[in-house]
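In this text, all values refer to a predicted model and were calculated from it rather than measured experimentally. Order of listing sets the numbers, starting from 1, for every ligand and every atom in it.
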Amino acid sequence: MNHLLKLSDLTKEELLTLLETGHDLKKKLKEGIETPYLKGKTLGMIFQKSSTRTRVSFEVGMSQLGGNPLYLSVNDLQMGRGEPIEDTARVLSRYLDAIMIRTYDQSDVELLAEHGTIPIINGLTDLYHPCQVLADLMTIQEVKGELEGLKLAFVGDGNNMANSLIVGALLSGASISVASPTGYQPDPVILDTYSGHPGFTLTENPYEAVKDADVIFTDVWASMGDEAEAEERKAVFQDLYQVNAELLSVAHPRAMVQHCLPAHKDEEVSADIFEKHAPYIFEEAENRLHIQKAVLVHLMGVPAYVS
Ligand code: CP
Ligand code: NVA
């Protein structure tokens with residue numbers, strides 16, 4: 001594993017190893033065992049979009065691993081004034097040991113990896129959110145014990161979360177049903193790759209997707225970058241695409257709800273269901289810290305973790 005650009009770059013074995021390391025690092029943190037595996041290493045964190053969880057969990061995670069996190073807003077970098085990604089990659093590779101980037105175009109993340117000489121981590125693009133889905137899979141393992149054979153469902157906009165979730169679910173041996181309205185379905189790259197996979201179904205009907213599901217995911221109707229379309233999107237989604245008690249009545253009786261956050265309550269998820277499932281949702285947020293530490297130690301070559 002040289003980078004984390006998208007989950008489809010991982011083998012099933014690499015995915016399961018990362019999850020195992022995440023659980024191990026979480027246990028060590030809770031037991032007060034120090035893990036200074038990245039002493040002397042610096043992670044650059046480039047942000048072109050807002051963030052609470054990604055920024056704080058990567059920053060705290062690097063500190064807990066004994067390394068240094070360096071926050072870099074695109075507005076303050078020459079990149080924001082047009083310096084090419086190719087040159088930024090070559091310069092930053094001379095100072096840093098790895099880069100986490102949150103941006104719009106997936107191609108920018110790929111360019112950084114192509115032209116730099118250090119590991120690149122995708123901290124969210126319009127297309128993918130791999131770190132979030134790793135935390136989601138880790139949380140499901142904790143609550144359900146295993147991923148293999150579970151039925152996951154995603155209700156709402158076929159956005160970065162939906163795209164990464166489809167890949168992560170199928171890679172881990174779970175099945176996934178996605179319910180999205182026409183025009184808001186997952187990316188064609190994903191549909192071309194996974195349509196026809198026995199574990200994947202796509203429908204416009206949330207009740208069909210959620211039927212007997214063990215885990216139900218949703219996400220905002222308008223992602224970062226979609227703000228201008230927010231009202232138009234609300235009109236499309238509001239009648240059918242809310243995770244609420246009525247929709248959950250067709251799910252598995254012990255189904256859990258996940259949300260990557262931030263949530264718009266009483267839009268994509270009803271406020272009562274959000275609160276009922278808050279223990280799972282905030283554990284999922286916490287697990288960003290543990291799984292990203294796993295990603296960092298694997299990418300930066302810590303001998304104890306790298307096979
Ligand atoms: N879920 C997530 O990525 O949150 P932030 O946008 O706050 O980083
Ligand atoms: N789909 C959302 C996820 C935020 C973590 C967005 O891209 O804004």
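Looking at K6 and D9, a side-chain N of the basic residue comes within less than 4.0 Å of a carboxylate O on the acidic one, giving a salt bridge.
The contact set between ligand 2 and L261, taken as ligand atoms under 4.0 Å from a residue heavy atom, comprises 5 (C). Annotation for ligand 1: atoms under 4.0 Å from non-hydrogen atoms of T52 are 5 (P), 7 (O), 8 (O). Listed by atom number, the atoms of ligand 1 under 4.0 Å from L261 heavy atoms are 1 (N), 2 (C), 4 (O). In summary, the atoms of ligand 2 found under 4.0 Å from a heavy atom of N159, numbered by their order in the structure, are 1 (N).
Residue-environment remark: CD (E20) stays at or below the threshold of 12 foreign heavy atoms within 6.0 Å.
Side-chain N or O atoms of N287 include none that pairs as donor or acceptor with a backbone N or O of H290 at under 3.5 Å. Between the side chain of E232 and the backbone N or O of E229 there is no donor-acceptor pair closer than 3.5 Å.
Within the structure, ligand 2 lacks D157 among the residues with a heavy atom less than 4.0 angstrom away. In this structure, K49 has no heavy atom closer than 4.0 Å to ligand 1. Note on ligand 1: L124 sits outside its first shell, no heavy atom being nearer than 4.0 Å.
For the atom pair CE (M100) and CG (L72), the distance works out to 9.5 Å, reported to the nearest 0.5 Å. Atom CD of Q292 and atom CZ of R53 lie 11.5 Å apart (nearest 0.5 Å).
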| field | Test log, rule side-chain contact (heavy atoms from CB on, under 4.5 Å), inputs L92 and I46 | value | CA-CA 11 Å; L92 293 182; I46 303 177; 3.9 Å; yes
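Considering backbone and side-chain atoms together, M224 places an N or O closer than 3.5 Å to an N or O of ligand 2. Between S223 and ligand 2, at least one N/O pair is under 3.5 Å apart. Residue N160 has at least one N or O atom closer than 3.5 Å to an N or O atom of ligand 2. Inclusion of H129 in the set of residues having an N or O under 3.5 Å from an N or O of ligand 2 is not warranted. At least one N/O-N/O distance between C260 and ligand 1 falls below 3.5 Å.
For atom 4 (C) of ligand 2, the nearest protein heavy atom (residue, atom name, distance) is L124 CD1, 3.9 Å. Protein heavy atom at the shortest distance from atom 4 (O) of ligand 1 is R53 NE, 2.8 Å. From the protein, the heavy atom lying nearest to atom 2 (C) of ligand 1 is R288 NH1, 3.3 Å. The protein heavy-atom contact nearest to atom 3 (C) of ligand 2 is D219 OD2, 3.6 Å.
When hydrophobic clusters are built by joining Ile, Leu, Val, Met, Phe, Trp and Tyr residues whose side-chain heavy atoms come closer than 4.5 Å, directly or via intermediates, V250 is not grouped with V178.
A side-chain donor-acceptor contact under 3.5 Å links Y207 and E246.
By the 6.0 Å and 45° rule, R233 does not stack over the aromatic ring of Y184.
With a 4.0 Å cut-off on non-hydrogen atoms, T54 touches ligand 1 through its backbone as well as its side chain.
Considering only non-hydrogen atoms, atom 6 (O) of ligand 1 lies nearest to R102 out of M224, R55, R102.
With respect to T54, the side-chain contact (heavy atoms from CB on, under 4.5 Å) criterion is satisfied by exactly one of M45, E59, K49, H129: H129.
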